[in-house]
Every structure is written in structure tokens, then in C-alpha cells.
**Student:** 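Got a structure here, written out as C-alpha cells. Questions coming.
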Amino acid sequence: MKATATAPANIAFIKYWGNKPGNLPYSDTISMNLSNCITTTTVEWDSKLKRDTLNLDGINLSGPKLERVVKHLDKIRKVLGISICAKVISKNSFLQGAGIASSASGFAALTLAAARAAGGKLSEKRLSRLARLGSGSASRSIPDGFVIWQKGSDKTSYAESIYPPDWWDLRDVIIIVTRKEKAVGSADGHKIAHTSPIFKKRVNQNLPRRTAAILKALKNKDIELLGKTIEEEALELHEVARTSTPPIEYLLEETKRIIGKLIPQWRKEGIPVYFTLDAGPNVHAILPGKYEKQLLSKIKKELPGVELIINKPGEGARLSRSHLF
Ligand code: PMV
């Protein structure tokens, strides 16, 4: 009764911000899986255990982090029709809580490993719906490559692959501005997003327009259309957060310098690089793979010593034979 799964984090081109019960988004969202931000999770269901246990990156967790996982395991138990407890060990290939969606890779890997460890063979749709209940963006870490997550009801809101990872050789170079864990988690941000005065217009007008633009950009591999649209979208996410009640400010001065000065400057110097952001201060620099070297030499010059995570479009959640225990 043991299984191991790997799952990637993903970067959203169209963001999920604000939700309804069951982590249902107000609009469709689109993302790319990240090849170098991977969570590996082993789950063992064991009738001798009195409670669920979770070890993440070598630390036995308790409190709210454990409770969130236990709650998710409860939902999985319900779907699979089992009532025993689980031992969960999980490892991230990257840092958590700094705007890199470790909850997406974490809940996607947990869902696949837990279902498989109980002998369940759930469809990709079912796994995506179930992962969504742990963290909305985790629904998008189940399918491969470039992914769309449909809004809808509990039964119809799941993610599907639009294109495989090798469709477009893009890079997401994550520039780590800080390793500090963010003060307001996305779960709290979602709850108050609707209080922003710009939320309604965002959902009714801006997002349908941007979603169509991103689909067109992906289809035609049009970096300029993709880039302009993701920058607009990222800035609006932060405007919603900033104008919510209470307001949330995720960006640091260094973030603003990179997105406001350096990236536009690198673009002028001939590199088609554009930014996007998650709910955190780190910058995701998106560009075609053939410009990677040029970008890295600019970063080395302007941001010496900065930590980077270089990602290609990645596959979705997978089972693995190498267990963590
Ligand atoms: O899945 P959550 O609750 O961690 O929300 C993710 C929110 C953003 O990363 C800001 C946007 C997104 O769509 O991934």
C-alpha cells in the first residue's frame, strides 16, 4: 500500500486569484508546468497508524501545514472509500513559500501517490479535480505541458493539457529576489480578492480577452503577444491584491526594479523576455529557449550572485518507482 509520485509546480499565464467553495475559480486559467520545480511524495496507507504523519524536506510537520494535508487526505479517503491513516514523506527540489507554487506540485504529487497507494486508478480528470481541492493551482500540475483549467462546478472544473511540453521551447528563468516565506498565503488572498473594486471588470472583461490572446499566442508561438499579455495579467493580479480589503503587497523594491527597469532594458537590447509574477516577490522571466544564454549573461552582469531556477516546459504528475522510504 505504498506509492510515489512526482509533480511539477506551474507558472500561470492567466492567474487564479479569488475563489468559490471547493477552490472553484471565477474564470479559466492557463499555465505551463516547470521542469525544474518538482515535488516527490511517497504515501503509505497503514492500518497500524493512529494518525496521518507528514515529513516535508526532512522536517516532521505539525499545526496548520499538517492539518491542511490531513484535510486533503480526508477527501481522498472519501473518494477511495478507505478509513486508514497515511505516512507521507515529501521532498521539494526547490524552496517553498516564496511565490513558487509549492502547493501546486505538493498537492498534485500527494493526490496521485495517495490514490495509487490505495490501489485506485483514477483518470487524469478525476485526479485533477481531486488535486484542485487541496490547492486550486494543483489541478494544473496533473496534465502535461501547457495546461488550461476550466472554471465550472465541482464536476466540470479540472485541468487539461492544451499542448505537450515540446510544443514550444520556452524558458521560465525564476529570479529569486528573496527566500523569505510570504506573509499572506494565497488561501487568504483568494478569500478577499472579490473585495477589490477592479475584480468585477477583471473577471467579466479582462480575463476573457486575455485568455483568448494567450491561446492564440500559444497556437502561433507568438512571444510578443504572449509576453505583453502575461505582463498585463501579472500587474493586474497585484493590483487586485493591493486594492483588496485588507490590502496585500507582495512586491519588493527589487522586484519593481527588475520588472520596471531591467526586463524592459534587456528587451530593448534584443532579447524577447517578458515577466510574470505569482503571489510573491520573485520574478519569472519568460523567453524563447534560444535566448537563454544571452539572458543569463545579462543577469550575471546586472544581478551578480542572484539565485536562479531555470525551467523548460515540463511534464505533469507521474508515478515513480523510487520511494522516499
Ligand atoms: O493554488 P493556490 O491557492 O496556491 O493559488 C495560486 C495563486 C497564484 O499562484 C497567484 C496564481 C495561479 O494561478 O497559480
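Remember, it's 1-based here, ligands and their atoms both numbered in the order they're listed.
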**Student:** Only heavy atoms of Ser103, strictly under 4.0 Å: list the atoms of ligand 1 that pass.
**Tutor:**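 Per the distance check, 4 (O).
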**Student:** For residues 69-80, which residue pairs qualify under salt bridge (charged side-chain N to carboxylate O under 4.0 Å, His left out), counting only residues two or more places apart or in two chains?
**Tutor:**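 Of all non-adjacent pairs touching residues 69-80, those that pass salt bridge (charged side-chain N to carboxylate O under 4.0 Å, His left out) are Asp52-Arg77, Asp74-Arg77.
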**Student:** If I apply the N/O under 3.5 Å rule, does Ser186 come out as touching ligand 1?
**Tutor:**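 Yes; the residue has a nitrogen or oxygen that sits under 3.5 Å from a nitrogen or oxygen of the ligand.
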**Student:** Counting only heavy atoms not in Lys256 (residues, nucleotides, ligands), do more than 12 fall under 6.0 Å from its NZ?
**Tutor:**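 Enclosed: over 12 neighbouring heavy atoms sit under 6.0 Å from NZ of Lys256.
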**Student:** Report, in ascending order of atom number, the atoms of ligand 1 lying under 4.0 Å from any heavy atom of Ser137.
**Tutor:**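 Reading through ligand 1 atom by atom, the close ones are 1 (O), 2 (P), 4 (O), 6 (C), 14 (O).
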**Student:** Can you sort out the partners of Trp167 under ring-ring contact (aromatic ring centres under 6.0 Å, His included), two or more places apart, ordered by chain and number?
**Tutor:**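 For Trp167 the ring-ring contact (aromatic ring centres under 6.0 Å, His included) partners, ignoring immediate neighbours, are Tyr163.
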**Student:** Should the pair His190 and Trp17 be assigned to parallel (<30°), tilted (30 to 60°) or perpendicular (>60°) ring geometry?
**Tutor:**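 His190 vs Trp17 ring planes: tilted.
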**Student:** Nearest heavy atom to atom 14 (O) of ligand 1: which of Arg140, Lys15, His190 does it belong to?
**Tutor:**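 Among Arg140, Lys15, His190, the closest heavy atom to atom 14 (O) of ligand 1 comes from Arg140.
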**Student:** So Ile263 and Arg267, do their side chains get closer than 4.5 Å, heavy atoms only?
**Tutor:**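 The answer is yes; the side chains approach within 4.5 Å.
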**Student:** Using non-hydrogen atoms of the residue, decide whether Gly136 is closer than 4.0 angstrom to ligand 1.
**Tutor:**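 True for this residue.
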**Student:** For Ala279, counting its heavy atoms only, list the atoms of ligand 1 lying under 4.0 Å from any of them.
**Tutor:**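 Selected atoms, number and element: 10 (C).
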**Student:** For Ala12, counting its heavy atoms only, list the atoms of ligand 1 lying under 4.0 Å from any of them.
**Tutor:**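 Counting from 1, the qualifying ligand atoms are 12 (C), 13 (O), 14 (O).
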